[in-house]
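To keep things clear, I will list the structure first and then write my remarks on it.
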Amino acid sequence: MTPHINAKENAFAKTVLMPGDPLRAKFIAENYLENVSLVTDVRNMFGYTGEYKGNKISVMGSGMGIPSIGIYAYELFKFYGVENIVRVGSCGAYSKDLNLYDIILAQGACTNSAFQENYKLPGTFSAIADFDLLLSAYNNAKNLGITVHVGNVLSSDVFYQDDVDAWKKWQSMKVLAVEMESYALYAIAANLGKKTLTILTVSDSLITHEETTAEERQTSFTKMMEIALNL
Ligand code: HPA
């Protein structure tokens, strides 16, 4: 048991898929996994362990934002023997080349957060995905006939930004999209010698202002799940 996870030792698989929403974790467990059991429910941040094609795999909500995923990823890596965390989330598109429901493999993550100050580095930390997971996800997508975009994302600390045009600066640096978690996930993995990847589905566009509904988001991320489950 850790402060935020009430699972037994060895309750988690080596690989944990992490959607932001704990109810999406429940949805994934109920719809994709077999022999599933609920392993943690502190604050209703549900985590499940089950099997996919005979392999043990877990799925747990991360909550929204860097502080939330930072807590769960650290405890899973440090105290539950987890080796790989694959975030399966949503993002807002900054690139004109992205449409709703397109999939991004986050090769790197930029941030406006102060998270890296935790590590007292004498410079700027570039948060990157694990190359093996990235390559494997890319190949899975190719084999499944799913188009993916690979590149940089912004992990923002602010959803409702006062400067409504600030995102254009990131766009000018070819940052594909905005979400709120990957920078911390990647930094924690680097610090603890673990592996991480973020796979994102475009849920809205900063350019066109198109949006998906919460209900569509809950159910329509099948392609992303196929990539993640077959890693
Ligand atoms: N901003 C930040 N995080 C997000 C967004 C967004 O527009 N869409 C999905 N996650």
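- For the atom pair CG (Leu144) and OG1 (Thr147), the distance works out to 11.5 Å, reported to the nearest 0.5 Å.
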Kindly determine whether Phe159 and Met64 satisfy side chain to side chain contact (heavy atoms under 4.5 Å, CB included), including the steps that lead there.
CA-CA 10 Å; Phe159 188 89; Met64 288 184 286; over 6 Å; no

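- Residues Leu33 and Leu229 have side chains in contact (heavy-atom distance under 4.5 Å, counting atoms from C-beta outward).
- Remark: side-chain polar atoms of Ser156 are paired, donor with acceptor, to backbone N or O of Val158 under 3.5 angstrom.
- The cluster map of Ile, Leu, Val, Met, Phe, Trp and Tyr, joined by side-chain heavy atoms under 4.5 Å apart, puts Leu76 and Leu192 in the same cluster.
- A donor-acceptor contact shorter than 3.5 Å is absent between the side chain of Thr15 and the backbone of Ile57.
- Note that NZ of Lys8 is 9.0 Å distant from OG of Ser37, once rounded to the nearest 0.5 Å.
- In terms of heavy atoms, Val39 sits closest to Ala11 at CG1-O, 3.8 Å.
- In this structure, Ile128 is not a member of the same hydrophobic cluster as Met18, with clusters built from ILVMFWY side-chain heavy atoms closer than 4.5 Å.
- With hydrogens and angles ignored, the 3.5 Å screen pairs a side-chain donor or acceptor of Asn6 with a backbone N or O of Asp41.
- Results of the side chain to side chain contact (heavy atoms under 4.5 Å, CB included) test with Glu75 over Thr2, Val82, Thr40 single out Thr2 as the only residue that passes.
- We find that Glu83 and Lys194 are joined by a salt bridge, their nearest charged nitrogen and carboxylate oxygen being less than 4.0 Å apart.
- Distance alone, capped at 3.5 Å, is enough to place a donor-acceptor pair between the Tyr186 side chain and the Thr198 backbone.
- Between Lys168 and Leu206 the shortest side-chain heavy-atom distance does not fall below 4.5 Å.
- Taking 4.5 Å as the limit, some side-chain heavy atom of Ile207 sits within range of a side-chain heavy atom of Trp167.
- Of all heavy-atom pairs spanning Tyr52 and Tyr32, the tightest one is CD1-O, 3.4 Å.
- For the pair Val202 and Asn99, the minimum side-chain heavy-atom distance is 4.5 Å or more.
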Under the side chain to side chain contact (heavy atoms under 4.5 Å, CB included) rule, what do Trp170 and Asn152 come out as? Steps first, then yes or no, please.
CA-CA 10 Å; Trp170 294 106; Asn152 227 338; over 6 Å; no

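- Between the CG atom in Leu197 and the CG atom in Leu231 there is a gap of 6.5 Å [rounded to 0.5 Å].
- Using bins of under 30°, 30° to 60° and over 60° for the plane-to-plane angle, the ring pair Tyr74/Phe79 lands in the perpendicular bin.
- Although no hydrogens or angles enter the test, the distance criterion places no donor-acceptor pair under 3.5 Å between the side chain of Ser203 and the main chain of Thr212.
- The backbone N or O of Leu133 sits nowhere less than 3.5 Å from a side-chain atom of Ser136 that would complete a donor-acceptor pair.
- Side-chain contact between Met225 and Ile28: present, with at least one pair of heavy atoms (C-beta onward) separated by less than 4.5 Å.
- Counted within 6.0 Å of NZ on Lys169, heavy atoms from surrounding residues, nucleotides or ligands total 12 or fewer; the atom is thus considered open.
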Carefully, step by step, assess Lys223 and Thr201 under the rule side chain to side chain contact (heavy atoms under 4.5 Å, CB included).
CA-CA 9 Å; Lys223 287 182 189 170; Thr201 302; over 6 Å; no

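- The nearest pair of heavy atoms linking Asp157 to Ser113 is OD2-CB, 3.2 Å.
- Between Tyr183 atom OH and Ser126 atom OG the span is 7.0 Å, to the nearest 0.5 Å.
- Although no hydrogens or angles enter the test, the distance criterion places a donor-acceptor pair under 3.5 Å between the side chain of Tyr80 and the main chain of Ile5.
- Residues Ile104 and Cys91 meet the side-chain proximity criterion, which asks for heavy atoms closer than 4.5 Å.
- With no hydrogens or angles considered, a side-chain donor-acceptor pair links Asp102 and His149 at under 3.5 Å.
- Here the options are Val86, Val88, Val148, the test is side chain to side chain contact (heavy atoms under 4.5 Å, CB included), and the partner is Ile227; only Val148 passes.
- Under the 4.5 Å side-chain contact rule for hydrophobic residues, Met60 and Val42 do not share a cluster.
- Counting only heavy atoms from C-beta outward, the side chains of Lys96 and Gln171 approach each other to under 4.5 Å.
- A donor-acceptor pair under 3.5 Å links the side-chain atoms of Ser68 to the main chain of Ser62, judged by distance alone.
- Atom NZ in Lys14 sits 13.5 Å away from atom CG in Asn55 (nearest 0.5 Å).
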Please walk me through it: do Val59 and Phe46 pass side chain to side chain contact (heavy atoms under 4.5 Å, CB included)?
CA-CA 8 Å; Val59 56; Phe46 305 124; over 6 Å; no

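- In the hydrophobic clustering of this structure, Ile69 groups with Ile85; members are Ile, Leu, Val, Met, Phe, Trp, Tyr whose side-chain heavy atoms approach within less than 4.5 Å, directly or through other members.
- Contact detail for Arg87 and Gly20: the closest heavy-atom pair is NH1-N, 4.3 Å.
- Taking 4.5 Å as the limit, every side-chain heavy atom of Ser155 sits out of range of all side-chain heavy atoms of Glu181.
- Rounding to the nearest 0.5 angstrom, the gap separating the CD atom in Gln116 from the OG1 atom in Thr124 is 5.5 Å.
- Under the 4.5 Å side-chain heavy-atom criterion for grouping Ile, Leu, Val, Met, Phe, Trp and Tyr, Ile66 is not connected to Met180 through any hydrophobic cluster.
- Between Phe115 and Tyr119, the ring planes are perpendicular. Angles over 60° get that label, and only those under 30° would be called parallel.
- The nearest pair of heavy atoms linking Ser90 to Leu200 is O-CD2, 3.7 Å.
- The two residues Gly61 and Ala25 make their nearest non-hydrogen contact at N-CB, 3.7 Å.
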